[in-house]
J.: 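Quick one: structure below, then a few questions.
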Amino acid sequence: QVQLVESGGGLVQPGGSLRLSCVASGRPLSTYAMGWFRQAPGKEREYVAAIMRSAVSTHYADSVRGRFAIFRDNAQNTVWLQMDDLKPEDTAVYFCAASLRFAREQEAYSYWGQGTQVTVSS
């Protein structure tokens, strides 16, 4: 079993940047493909990005492609989500999650962090 802890959220102005971190413990991060998801107030949780175990491949939701980047360092047991050109509609609680396969659907992810709040507002 793996435990995941996110950090790095906060308040940022439109057009700004944030980098979220997700640190894994309990099992090596290299065991898992990793994903980021988000949940805005009053909305269902949605997929943001995913990265393969070896980081050979990544995938992004259309809404963030070109603005967000997911990357990982298995030696540090950490995965990051770099978010640039943030927009008010990016406001949400962001979650990292671990899966035994590279996937976009939430059902594929067995382990979840507690989430970190990102607020984009002027």
J.: Do the side-chain N and O atoms of Q76 and N74 include a donor-acceptor pair separated by under 3.5 angstrom?
T.: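 Side chains of Q76 and N74: no pair found under 3.5 Å.
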J.: Would you kindly say whether R27 and Q1 are connected by a side-chain donor-acceptor distance under 3.5 Å?
T.: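 No pair is found: no donor N or O on one side chain lies under 3.5 Å from an acceptor on the other.
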J.: Using the rule side chain to side chain contact (heavy atoms under 4.5 Å, CB included), only one of D84, T119, V12, T116 pairs with L18; which is it?
T.: V12
J.: Whether the D73 and T78 side chains hold a donor-acceptor pair (N or O, under 3.5 Å, no angle test) is what I'd like checked.
T.: no
J.: Can you name the residues that form a salt bridge (Lys or Arg N to Asp or Glu O under 4.0 Å) with R72, not counting sequence neighbours?
T.: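 With sequence neighbours excluded, R72 shows a salt bridge (Lys or Arg N to Asp or Glu O under 4.0 Å) to no residue whatsoever.
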J.: When clusters are formed by joining ILVMFWY residues with side-chain heavy atoms under 4.5 Å apart, either directly or through shared neighbours, do V64 and L86 land in the same one?
T.: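 In one cluster: yes.
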J.: Please work out which of the three classes, parallel, tilted or perpendicular, describes the rings of Y32 and Y111, given edges at 30° and 60°.
T.: perpendicular
J.: Checking the side chain of R65 only, and the main-chain atoms of Y60 only, is there a donor and an acceptor separated by less than 3.5 Å?
T.: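 Confirmed, R65 side chain pairs with Y60 backbone.
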J.: With sequence neighbours excluded, tell me which residues meet ring-ring contact (aromatic ring centres under 6.0 Å, His included) with F37.
T.: Y47, Y109, W112
J.: Answer yes or no: is there an ion pair linking K87 with D90, defined by an N-O contact shorter than 4.0 Å?
T.: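 No, this pair does not count.
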J.: Short question: side chain of E6, backbone of G115 - any donor-acceptor pair under 3.5 Å?
T.: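 Looks like yes, one N/O pair under 3.5 Å.
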J.: Would you say the side-chain atoms of Q106 pair up with the backbone N or O of R45, donor to acceptor, closer than 3.5 Å?
T.: yes
